[in-house]
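A quick write-up on the structure given underneath.
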Amino acid sequence: MQCDGVEVWTARPEALGAAACGELEGLLDLEERMRCASLRFPADQRAYVAAHALRRMALGLALGVDAGDLRFGTNRHGCPLLLGHPDAPAFSLTRSRGLVAFAMNGAGRVGIDVEPIDERSDGALLEPFYVPSPEVQDFHLQWTALEAYWKARGLGLADDNPRIALRPLDGESLYEVVEGDTRRATGMVVIRLQAPAGHVLSLACEAPATVRMVELDGLAAAPGCGHLAPPAHGALLAEAVQACDGNGKTTL
């Protein structure tokens with residue numbers, strides 16, 4: 001299987017459950033397991049395992065290699081890189097306790113970000129990075145769009161980044177990313193994706209795209225059915241992706 005467009009794989013760690021997360025942890029390398037073990041709270045550990053296993057399964061399936069054999073590094077800005085596979089699709093990973101997501105794009109750059117909705121969030125936090133627009137008032141949309149955009153640029157969020165803004169293109173789901181001061185187009189758009197209640201999920205890419213969603217909550221074994229070990233070469237996942245319905249959405 002090759003990733004010819006944008007695919008977004010999501011999972012809710014609590015829906016996966018402890019047993020499935022234990023199986024998924026077997027895909028991670030030593031460094032990933034050590035990073036996971038350093039996290040203080042079990043909810044954060046589950047989210048870490050789900051997110052990094054998701055990344056491995058999706059890329060392994062796209063490249064036709066064993067998910068456990070993939071090796072990752074970072075660029076000079078700290079953004080993740082896949083080592084030894086120059087033909088790999090662009091990719092981006094995000095996680096929260098309630099939702100993790102992985103995006104890959106075989107046709108250009110991509111970034112993704114999820115944030116839980118917190119009404120106490122202070123909009124002033126975005127001022128160094130984002131120029132408000134009268135058409136876009138949603139703080140969490142602005143926040144996730146900002147993070148997703150700079151992930152797609154391979155730079156990460158930094159104080160010396162130029163400020164950006166959003167220009168609505170299609171209702172409340174598609175936005176053009178523009179320079180904050182000049183309003184010139186950056187060549188990228190942000191798509192607000194469907195997310196579970198209490199979360200905002202945004203995707204940044206180079207052109208408006210049809211996004212194929214693959215939801216992996218169903219990897220959790222049913223009560224009394226034992227553990228479900230994900231196949232190393234993603235046979236189950238390949239079958240699920242090929243079964244996408246007309247809306248480009250698959251639920252395992």
Side-chain angles (χ1 to χ4, degrees), residues 5-10 51 75 77-80 89-213 247-249:
V6 180
E7 290 186 3
V8 175
W9 297 50
T10 68
N75 68 12
H77 300 288
C79 295
F91 65 89
S92 181
L93 181 68
T94 186
R95 76 176 193 268
S96 68
R97 289 183 177 182
L99 181 69
V100 302
F102 174 79
M104 58 183 178
N105 184 6
R109 296 174 292 180
V110 71
I112 196 163
D113 190 64
V114 63
E115 298 294 342
I117 295 175
D118 184 349
E119 300 301 336
R120 299 168 298 176
S121 299
D122 183 0
L125 295 174
L126 298 183
E127 289 181 359
F129 314 104
Y130 181 87
V131 176
S133 167
E135 299 95 345
V136 183
Q137 299 293 326
D138 188 323
F139 168 82
H140 292 87
L141 170 62
Q142 296 170 28
W143 185 3
T144 54
L146 183 70
E147 295 274 7
Y149 172 74
W150 287 113
K151 286 181 180 181
R153 293 290 302 272
L155 299 176
L157 192 60
D159 290 339
D160 57 352
N161 289 343
R163 294 201 298 171
I164 64 167
L166 297 181
R167 177 184 293 153
L169 293 177
D170 178 20
E172 297 181 352
S173 61
L174 181 62
Y175 302 85
E176 182 180 26
V177 182
V178 299
E179 295 178 357
D181 297 323
T182 66
R183 298 285 164 164
R184 290 185 299 184
T186 64
M188 301 195 75
V189 298
V190 164
I191 304 170
R192 180 170 182 168
L193 303 175
Q194 289 187 348
H199 295 81
V200 174
L201 180 65
S202 292
L203 175 84
C205 55
E206 292 181 333
T210 299
V211 181
R212 174 177 289 181
M213 302 288 294
N247 294 322
K249 183 176 180 180

* Sub-4.5 Å side-chain heavy-atom contact between Leu166 and Ser133 -> no
* Non-hydrogen atoms of Ser92 and Val110 that approach each other most closely -> CB-O, 3.7 Å
* pair Arg153-Met188: side-chain heavy atoms closer than 4.5 Å -> yes
* **Short side-chain to backbone donor-acceptor contact, Asn75 and Gly154, under 3.5 Å** => yes
* Asked: Looking at side-chain heavy atoms only, is the closest gap between Val136 and Tyr130 below 4.5 Å?
  -> yes
* When rounded to the nearest 0.5 angstrom, what distance separates CG in Asp170 from OH in Tyr175? -> 9.0 Å
* Asked: Which pair of heavy atoms, one from Ile112 and one from Lys151, lies closest together, and at what distance?
  -> O-NZ, 2.9 Å
* Going through the distances and angles, do Ile117 and Val200 end up as a side chain to side chain contact (heavy atoms under 4.5 Å, CB included)? -> CA-CA 7 Å; Ile117 295 175; Val200 174; 3.9 Å; yes
* Closest non-hydrogen atom pair, Glu206 against Gly108 -> OE1-CA, 3.6 Å
* **Under 3.5 Å donor-acceptor, Arg167 side chain and Arg183 backbone** => yes
* To do: Starting at CZ of Phe129, measure out to CD of Glu147 and round the result to the nearest 0.5 Å.
  => 8.5 Å
* Approximate separation, where rounding is to 0.5 Å, of His140 NE2 and Ser202 OG -> 11.0 Å
* Would you check, one step at a time, whether the test side chain to side chain contact (heavy atoms under 4.5 Å, CB included) holds for Asp138 with Arg192? => CA-CA 11 Å; Asp138 188 323; Arg192 180 170 182 168; 3.0 Å; yes
* **Donor-acceptor contact below 3.5 Å, side chain Arg109 vs main chain Ala90** => no
* Which pair of non-hydrogen atoms, one from Leu141 and one from Thr144, has the smallest distance, and what is that distance? -> O-OG1, 3.1 Å
* If you take all heavy atoms of Ala195 and His199, which pair is closest and at what distance? -> CB-O, 3.7 Å
* Measure the shortest side-chain to side-chain distance between Leu155 and Cys79 over non-hydrogen atoms and say whether it is less than 4.5 angstrom. => no
* Asked: When rounded to the nearest 0.5 angstrom, what is the spacing between CG in Leu203 and CD1 in Ile191?
  -> 5.0 Å
* To do: Working to the nearest 0.5 Å, report the span between CG of Leu146 and CZ of Arg163.
  => 11.0 Å
* **Closest non-hydrogen atom pair, Glu179 against Thr186** => N-CG2, 3.9 Å
* To do: Determine, step by step, whether Ile164 and Trp150 satisfy the side chain to side chain contact (heavy atoms under 4.5 Å, CB included) criterion, reporting the C-alpha distance in whole Å, the side-chain angles of both residues, the deciding distance to 0.1 Å, and the verdict.
  => CA-CA 10 Å; Ile164 64 167; Trp150 287 113; 4.1 Å; yes
